[in-house]
Undergrad: 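Mind having a look at this structure? Questions to follow.
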Amino acid sequence: QKLYDKVPSYDSKIAFATMERELGKPVDEIFSYITPEPVAAASLGQVYQATLRSTGETVAVKVQRPQVLETVSLDLYLARQAGLFVRNFPALSDRLDAVALLDEFAYRFYQ
C-alpha cells in the first residue's frame with residue numbers, strides 16, 4: 001500500500017545527512033537497504049523504507065524537514081498570541097481554550 005500526499009519531497013542527500021548526524025553513523029552501517037527516494041512526504045518530514053542491517057527487519061525511517069522546528073515554533077508562538085487575544089472575548093474563549101490546546105500540542109511536539 002502506498003501513501004500519497006501533495007507535499008513535494010526535499011533532496012534525499014539532505015535527508016541522508018540528517019540521518020547520519022542524528023544516528024551518529026553512516027546510513028549504510030545501520031541499514032543494508034534504504035530506498036534512495038522517500039516513499040512518502042508530508043509537511044513535517046518524509047519517510048524512507050529500509051532494512052536494518054542488524055536484524056533484517058523492514059522499517060520506516062522518518063526524517064524531519066530542514067528548519068521544521070523553527071517554522072513550527074514560530075507558528076505556535078503566533079497562534080498562541082492570537083489565543084491570548086481571544087481570551088478577551090468570553091463569547092469565544094468560553095467555548096474553547098485555544099491557549100491550553102496549543103500548550104498541550106507544543107508540549108508533545110517538543111518531547
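Excluded from the calculations below are hydrogen atoms, water molecules and symmetry mates; all remaining heavy atoms, backbone and side chain alike, are included. Counting begins at 1 with the first residue of the sequence.
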Undergrad: According to a 4.5 Å side-chain heavy-atom criterion applied to Ile, Leu, Val, Met, Phe, Trp and Tyr, with indirect links allowed, do Leu102 and Val86 form part of one hydrophobic cluster?
TA: no
Undergrad: Are more than 12 heavy atoms, taken from residues, nucleotides or ligands other than Tyr110, located less than 6.0 Å from that residue's OH atom?
TA: yes
Undergrad: Would you say the ring centroid of Phe16 lies under 6.0 angstrom from that of Tyr48?
TA: yes
Undergrad: Give a yes or no on this: more than 12 heavy atoms of other residues, nucleotides or ligands lie within 6.0 Å of atom CZ of Phe109.
TA: yes
Undergrad: Quick one: are Thr51 and Ser32 in side-chain contact, heavy atoms under 4.5 Å?
TA: yes
Undergrad: Tell me whether Ser12 contacts the main-chain N or O of Pro36 through its side chain, where contact means a donor paired with an acceptor under 3.5 Å.
TA: yes
Undergrad: Can a donor-acceptor pair be found, under 3.5 Å and without considering hydrogens, that links the side chain of Arg65 to the backbone of Ala42?
TA: yes
Undergrad: Between Asn88 and Phe85 (side chain of the first, backbone of the second, donor and acceptor by atom type, cut-off under 3.5 Å), is there such a pair?
TA: yes
Undergrad: Are Val68 and Leu76 connected, step by step, through hydrophobic side chains (Ile, Leu, Val, Met, Phe, Trp, Tyr) whose heavy atoms are closer than 4.5 Å?
TA: yes
Undergrad: With the 4.5 Å side-chain cut-off for hydrophobic clustering, are Leu23 and Leu69 part of the same group?
TA: no
Undergrad: Would a 4.5 Å heavy-atom cut-off, applied to side chains only, mark Arg80 and Leu84 as touching?
TA: yes
Undergrad: Is the shortest heavy-atom distance from the side chain of Val47 to the side chain of Val63 under 4.5 Å?
TA: no
Undergrad: How long is the span from the CZ atom in Arg53 to the CD1 atom in Ile30, to the nearest 0.5 Å?
TA: 10.0 Å
Undergrad: So, the side chain of Glu20 versus the backbone of Val27: is there a donor-acceptor pair under 3.5 Å, distance only?
TA: yes
Undergrad: Taking side chain as C-beta onward, heavy atoms only, is Leu74 less than 4.5 Å from Glu70?
TA: no
Undergrad: Looking at CZ of Phe89 and CZ of Arg95, how far apart are the two atoms once the value is rounded to the nearest 0.5 Å?
TA: 15.5 Å
Undergrad: Quick one: NZ on Lys62 to CD on Gln46, what's the gap to the nearest 0.5 Å?
TA: 13.0 Å
Undergrad: Is there a side-chain contact between Thr58 and Gln49 (heavy atoms, below 4.5 Å)?
TA: yes
Undergrad: Does Asp97 pair with Arg87 as a salt bridge, N-O distance under 4.0 Å?
TA: yes
Undergrad: Quick one: are Ile34 and Met19 in side-chain contact, heavy atoms under 4.5 Å?
TA: yes
